[in-house]
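What follows is a single structure, written as structure tokens, with notes after it.
Each chain gets a letter, A, B and so on, in the order its sequence line appears, and its residues count up from 1. Keep in mind the model is a prediction, meaning the values are calculated, not measured.
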Protein chains: 2
Amino acid sequence: MKISAQEEYGLRCLLELARARDGQVMTVREIAGKEALSSAYVEKLLRLLAKAGLVHSLRGLKGGYVLNRAPSQVTLGEVVRAIGQVPTTDHICTQFTGMQAECVHFSNCGIRSVWSGLTNYIQNFLDHATLESLLGDEYAVSNRLAHGLRQAHDPTRR
Amino acid sequence: MKISAQEEYGLRCLLELARARDGQVMTVREIAGKEALSSAYVEKLLRLLAKAGLVHSLRGLKGGYVLNRAPSQVTLGEVVRAIGQVPTTDHICTQFTGMQAECVHFSNCGIRSVWSGLTNYIQNFLDHATLESLLGDEYAVSNRLAHGLRQAHDPTRR
DNA sequence: CGAATACTTGACAACTTAGTCGTGTTTCTG
DNA sequence: CAGAAACACGACTAAGTTGTCAAGTATTCG
């Protein structure tokens, strides 16, 4: 259970774009500089994000990357799903099969319930945080997160 | 963001032990058979669990593994922490540093808040599910999980 | 004792993920 | 049009995870 490097750095790059004033383009070099990452790596990450439709690229001189939507319209869930391989509920028990073609507990699996419960639980968290909610200083972000979760963290409530 | 294979299979092995009647020892071979995994692999996983104090091993003929505590006294959180490298809050921003010795946003980091919030959120889920709650059939497990979470999933409430 | 059973340990090969590099393509500017 | 700035892409190296193997140690039982 861990956050992958791509997810971490991809989100950072996206946040740099979100901080750019009114849809200003930023070059890979600028972003790399601000995040102390190599340009080559930032490029790779941005291409992933572009493929997922979260950012848009402009080629040529004066080119660069821009956020495709307002920061308030992009959820962390989308970012993580775009960049990392997030296991969806149906990967469970087809991904882990041991030595047989099908999960040993296919018809009655105690693990599946927890894993899919956990997966949903996490998605719920991520889907309620937007890029915008991560802007501003750290203290403010913590507060917003705690507040957002108090309202929205219960996957079982209607 | 994903569940590692070790976490998955380690939990499965532990559940097999939890299903054994009144602390009956089970051999690696038996567990491997029931979960359709190789004996070598199950051995490795059980050693990890033993190192963490979750199971106890008995050597020699008639040896095997036993759960160290009652299933109701073992939380998923412990299992996952024993087996996988769960990032704690203080790994964040020391693990991901880019090209500098210290995180670029050390003093004011928008990412840290989310990541640590997410980490706590997940731990909260895992710490409220016990091995016992995963026994029984899948339908019952789902219900118990939903029920448990409704009471205990809010890290911000006191 | 000695043979069989079962855990113990560390090394290792296969695979996946992380991060880099070189070369190519597009666009702007003079 | 030529050169510079910037993205595009695929191949490649390095590092970390998975899963296996072989040789070793402890325990039981005849």
Side-chain angles (χ1 to χ4, degrees), chain A residues 1-13 17 20 24-33 35-52 54-66 68 80 83-87 91 95-100, chain B residues 1-13 17 24-33 35-52 54-68 80 83-87 91 95-100:
Chain A
M1 194 82 271
K2 74 178 197 192
I3 297 164
S4 79
Q6 281 195 5
E7 286 161 356
E8 161 83 13
Y9 292 133
L11 178 54
R12 280 172 188 267
C13 293
L17 286 177
Q24 193 94 25
V25 299
M26 279 184 87
T27 67
V28 164
R29 180 178 284 277
E30 286 173 320
I31 297 173
E35 291 293 335
L37 298 170
S38 77
S39 293
Y41 194 27
V42 169
E43 244 171 61
K44 186 178 192 170
L45 295 172
L46 285 176
R47 263 188 292 125
L48 279 174
L49 291 167
K51 215 171 259 179
L54 291 175
V55 301
H56 184 62
S57 70
L58 301 167
R59 300 181 70 154
L61 192 58
K62 298 284 176 190
Y65 283 92
V66 203
N68 235 351
V80 170
I83 274 197
Q85 293 71 20
V86 181
H91 283 95
Q95 185 182 13
F96 298 111
T97 58
M99 301 186 303
Q100 299 188 353
Chain B
M1 194 82 273
K2 73 177 196 191
I3 297 164
S4 81
Q6 282 195 5
E7 286 161 358
E8 160 84 15
Y9 292 132
L11 178 55
R12 280 171 189 268
C13 293
L17 286 176
Q24 193 95 25
V25 299
M26 280 183 88
T27 67
V28 164
R29 180 178 283 278
E30 285 173 320
I31 298 174
E35 291 291 336
L37 297 171
S38 77
S39 293
Y41 194 28
V42 169
E43 248 165 33
K44 185 180 194 169
L45 295 171
L46 286 176
R47 264 188 294 123
L48 280 175
L49 292 168
K51 216 170 257 178
L54 291 175
V55 301
H56 184 65
S57 68
L58 301 167
R59 300 179 70 153
L61 193 58
K62 300 284 175 187
Y65 283 90
V66 204
L67 219 53
N68 235 352
V80 171
I83 275 195
Q85 294 70 21
V86 182
H91 283 95
Q95 185 181 13
F96 299 111
T97 59
M99 299 187 302
Q100 299 187 354

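Look at CD1 on A:Ile31: it is 18 Å from P on D:dA5, rounded to the nearest Å. The separation between B:Ile3 atom CD1 and D:dT17 atom C1' is 16 Å, rounded to whole Å. Between the OH atom of A:Tyr41 and the P atom of D:dC7 there is a distance of 18 Å, rounded to whole Å. Computed from coordinates, the B:Glu8 CD to D:dT17 C1' distance equals 15 Å when rounded to whole Å.
A side-chain contact (heavy atoms from CB on, under 4.5 Å) with B:Leu37 is found for exactly one of B:Val42, B:Ile31, B:Val28, namely B:Val42.
Residues passing the side-chain hydrogen bond (donor to acceptor under 3.5 Å, both in side chains) test with B:Glu43, sequence neighbours excluded: none. Partners of A:Tyr9 according to the ring pair (Phe, Tyr, Trp, His ring centres under 6.0 Å) rule, which considers only residues two or more places apart in sequence or in another chain, are A:Tyr41, B:Phe96. For B:Glu30, the side chain to side chain contact (heavy atoms under 4.5 Å, CB included) partners at least two apart in sequence or on another chain are B:Met26, B:Thr27.
For the atom pair CG of B:Leu49 and CG of B:Asn68, the computed distance is 11.0 Å after rounding to the nearest 0.5 Å. For the atom pair CG of A:Leu46 and CG of A:Leu17, the computed distance is 6.5 Å after rounding to the nearest 0.5 Å. Here the straight-line distance linking atom SG of B:Cys13 with atom CG of B:Leu48 works out to 10.5 Å at 0.5 Å rounding. To the nearest 0.5 Å, atoms CD (A:Glu8) and CE (B:Met1) are separated by 11.5 Å.
Contact record, A:Val66 with A:Gln24: CG1-O, 4.3 Å, taken as the closest heavy-atom pair. For the residue pair B:Lys62 and B:Val25, the shortest heavy atom distance occurs at O-CG2, 4.3 Å. The minimum heavy-atom distance linking A:Ser39 with A:Arg29 is given by the pair OG-CA, 4.1 Å.
For D:dA6, neither phosphate oxygen OP1 nor OP2 lies less than 4.0 angstrom from any side-chain nitrogen or oxygen of A:Thr27. Contact between the side-chain N/O atoms of B:Tyr9 and the OP1/OP2 oxygens of D:dT17 is not found at any separation under 4.0 Å.
Comparing D:dC7, D:dT20, D:dG19 by their closest approach to the side chain of B:Ala5 singles out D:dG19.
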key: B/S/- contact track for nucleotides 24-30 of chain D, protein heavy atom under 4.0 Å   = BBBBBS-
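Close approach of DNA chain C to chain B, defined as any atom under 4.0 Å from a non-hydrogen atom of the protein, starts and stops at C:dT5 to C:dT17.
Against DNA chain D, the stretch residues 43-52 of chain B makes heavy-atom approaches under 4.0 Å through B:Lys44.
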